[in-house]
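Worksheet: one structure, shown below.
Chain letters run A, B, ... following the sequence lines, proteins first, then strands; residues in each count from 1.
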Amino acid sequence: MSRVVAPGDVLRDRGVALEGARVDALGRVRATTCGRAVERDDGVGVERARGPLVVPRVGDDVHGRVLRVLERAAHVDIAAINGRAPVGGGFAGTIRRQDVRAHAVDSVELDRCFRAGDVVRAKVLSLGDARSFYLTTASDELGVVRATHRESGETMLPVSWTEVQCPITGEVEDRKVARVDE
Amino acid sequence: MEYVSFEGLRLDGRRANEIRRPRHAFAIDAQCDGSARFELGNTVIECRVDGPSERKFGGAEEGASEACALTCSHGRSAFASDGVQAGRKGDGRSKQFESVLAKALTSAVCVDLMPRCEVQVRTTVLCDDGGARAASACAAVLALADAGIPLKGIIGSCTVGHLDGEALIDVNRDEERGRGPELWTCALSAGDVPDDDENEDDGEDHLMGATGNHITVIVEELERGKTTMETFKSMHDLALAGCETSARYLRISLRARTRALAATRALEKF
């Protein structure tokens, strides 16, 4: 059971400050955030109760909901990063037309790959511009993992790499389907 | 009117050195990065903190300060007090309050850790029963900590009045109406051991003080000030004690909040 600290509490009289701590003018290590004092070989720091910051990095596996589909890009609200929810709300992601699939990149029509409301699995391609992260679905296991039919509200089932079907109405729609491992 | 009775009791039954009951709540607004509500008796303040975020203005020019900029805005709900009282958003009094509060909070925030960033602090008076400025400062500290902004320490704040020849801590609305001198103080409490002395000297109402081995950056403001030095001294000593008391309350509530957060996350025992 280790010590819970508030900002300003002295962690140690001398030493190296890690994350969540700082050294004051007299050389003492003080906490700067609320959390639990952690002593390690290289110094002493504070681990926050909310857990470490979950932020998308290049190569991370993300899940998100498609917000809108434009001609050149689809906008995604990132809801999970490597299976963990980001602290303090979601991040914005963008799947550009050239990043949807690995083959026949020039002939991609985005509205035949995603629709608003779909849940997609994607990889972080780059940190993108100031507004959003660039995501890619150019891999077999990436793409739409869950789509619901507009009228029936039923979850649609994949029937091929490019199509999903509503089990009630039988209607077939186009998607970039992800291979979901059981 | 008699503000302190023969028995030494004030209008609401407190003694001269007793503050009203503090209460708090964290995370009252999910829309912002950190938020808190702080109550002192019937005075209720909400504070919201946004940031640290990239500075939108004033970061690009040559010679602009690299350190994090902290801005405060202060507002009152229409029902906070009975009408006539000044202090609506944007008037001189609340502008001055904003700048003094920003100065006090900046001294507690590790501005060097967040270069080219800005932190916005918004306080709202929901109900004003006296001591709204002190309660606003306390609410701001809780909200800053809730937002996870690195702090050098906890700022405690309190007001002290002087009526019937006696210094009264944490004056309520009726006592504020007594038009005696009033001192509002914010002091950075470093806990049980001394911290680095920081000099804050810009001429007007901001003093640097050191009491015992509690250190401090003190920002204070004297309203309606026609006081003798002795009066000021007694008010000042009481104010520092009050700041330490409120800082202790804030520290305890932050630790309790941290434990509760850890428990809801079902982490290992803190």
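- Judged purely by atom type and a 3.5 angstrom limit, A/Ser152 uses its side chain to pair as donor or acceptor with the backbone of A/Glu154.
- A donor-acceptor pair under 3.5 Å is absent between the side-chain atoms of B/Ser73 and the main chain of B/Arg122, judged by distance alone.
- At a 4.5 Å heavy-atom cutoff, A/Ala21 makes no contact with chain B through either its backbone or its side chain.
- Within the 4.5 angstrom heavy-atom criterion, no atom of A/Val46 approaches chain B.
- Proximity to chain A (any heavy atom under 4.5 Å) is restricted, for B/Ile149, to the backbone atoms N, CA, C and O.
- Here the side chain of A/Asp174 pairs no donor or acceptor atom with the backbone of A/Glu163 at under 3.5 angstrom.
- Side-chain contact annotation: A/Asp60 with A/Asn82, donor-acceptor N/O pair under 3.5 Å present.
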